[in-house]
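First the structure, in the form of structure tokens, and then the observations on it.
Since the structure is predicted, the reported quantities are computational estimates derived from the model, not experimental observations.
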Amino acid sequence: MKIIGLTPLYDVAENRLFMLRKYIKLIERNGAYAVILPFNSDRKFLEEIVDRLDGIVFTGGLDVAPSYYGEDKILECGISSNVRDELEFNLMDICYKKDIPTLGICRGLQIMNVYLGGTLYQDLKKQKDISIIHSQDKPYNDLVHEVTNYGMFKEKFGDKFYVNSLHHQAIKDVAEKLEVLQKSSDDIVEAAYVKDKKFFLGVQYHPEMALDTLKQGHEIVKMFLDSIE
């Protein structure tokens, strides 16, 4: 059975780690087991952990600190965590260099882009002319806007499908090594990947929140799991 590591969610105010059961269900429903990674950014420790796992999922959550992409923080930027950022950028570097199958969800896609040299909108409403819902209200399994598919996603899924949307940050400048797979109608990157890796792909939406409504989310997870030898 394949074992997938999940980066932990972190509540800054309460200094508390947690995990949404939906992330675990997303992995388990597609035939693998999920384990929650420790909140430890030590490089040697992370390398030892990665060597025992088959793949990594970078989960959603806190904003990525703008210092990682060379910007000062604006007022509308949300809470970030130095410990979580350090953990995930170290982990991303290990996964990328060791060619470990890696799936990014929301923040996970954003970290992929920043790690590879791209930048983010710190707040879409402040910094980008958007015309559709990107931060929806409950229920989070509702599919609220279309995405247009490109490349291998167009071949697999056709021209378009609907997704849910729970983010106020997004990719601004796309990293050179990332190939865009999806965009919204107002030009927000919704999925991207690195072509020459086993699997290094992120989506901006939340398939774990739409387990019974977003069938393409399961297909993407199956692609991720199938890339594991």
Practice problem: Using modelled atom types only, decide if a donor and an acceptor are shared between the side chain of Q169 and the backbone of Q122 within a distance under 3.5 Å. | Solution: yes
Quiz item: Residues two or more places apart in sequence or in another chain: which of them pass side-chain contact (heavy atoms from CB on, under 4.5 Å) with K44?
Solution: D42, E48
Quiz item: Can you list the residues that meet the salt bridge (Lys or Arg N to Asp or Glu O under 4.0 Å) rule with K154, with sequence neighbours excluded?
Solution: D159
Exercise. Take atom CG of D72 as the centre, draw a 6.0 Å sphere, and report whether it contains more than 12 heavy atoms from other residues, nucleotides or ligands.
Key: no
Quiz item: With sequence neighbours excluded, what pairs up with F157 under the ring pair (Phe, Tyr, Trp, His ring centres under 6.0 Å) test?
Solution: F153, F161
Quiz item: Taking only residues two or more places apart in sequence or in another chain, which ones pass side-chain contact (heavy atoms from CB on, under 4.5 Å) with R52?
Solution: none
Quiz prompt | Side chain K197, main chain Y96, donor-acceptor under 3.5 Å | solution = yes
Exercise. Could I get the full list of ring pair (Phe, Tyr, Trp, His ring centres under 6.0 Å) partners for H206, not counting sequence neighbours?
Key: none
Quiz prompt | Set of ring pair (Phe, Tyr, Trp, His ring centres under 6.0 Å) partners for Y193, sequence neighbours left out | solution = none
Exercise. State which residues pass side chain to side chain donor-acceptor pair (under 3.5 Å) with D123; sequence neighbours excluded, sorted by chain then number.
Key: H168
Only distances under 3.5 Å count here; give the side-chain donor-acceptor pairs of residues 220-229 to other protein atoms, sequence neighbours excluded, each with its distance to 0.1 Å.
{"unit_1": "S227", "atom_1": "OG", "unit_2": "F224", "atom_2": "O", "d": "2.6"}

Quiz item: Salt bridge between E88 and R84, side-chain N to carboxylate O under 4.0 Å?
Solution: yes
Quiz item: Any side-chain donor paired with an acceptor under 3.5 Å for D186 and H134?
Solution: yes
Quiz item: Any side-chain heavy-atom pair from V203 and Q216 closer than 4.5 angstrom?
Solution: no
Could you list the donor-acceptor pairs under 3.5 angstrom formed by side chains in residues 16-28, with sequence neighbours left out?
{"unit_1": "R16", "atom_1": "NH2", "unit_2": "D11", "atom_2": "OD2", "d": "3.2"}
{"unit_1": "R21", "atom_1": "NH2", "unit_2": "E28", "atom_2": "OE1", "d": "3.4"}
{"unit_1": "Y23", "atom_1": "OH", "unit_2": "G60", "atom_2": "N", "d": "3.0"}
{"unit_1": "Y23", "atom_1": "OH", "unit_2": "E208", "atom_2": "OE2", "d": "3.3"}

Self-check item: Pairing of K177 and D196 as salt bridge, 4.0 angstrom limit
Solution: no
Practice problem: List for me each residue that meets ring pair (Phe, Tyr, Trp, His ring centres under 6.0 Å) alongside Y10, sequence neighbours excluded, and say none if there are none. | Solution: F39
Practice problem: Could you tell me whether the side chain of D99 and the main chain of K198 form a donor-acceptor pair under 3.5 Å? | Solution: yes
Practice problem: Under the salt bridge (Lys or Arg N to Asp or Glu O under 4.0 Å) rule, collect the residues that match up with E176, sequence neighbours excluded. | Solution: none
Quiz item: Considering residues at least two apart in sequence or located in another chain, which fulfil the side-chain contact (heavy atoms from CB on, under 4.5 Å) criterion with S185?
Solution: I132
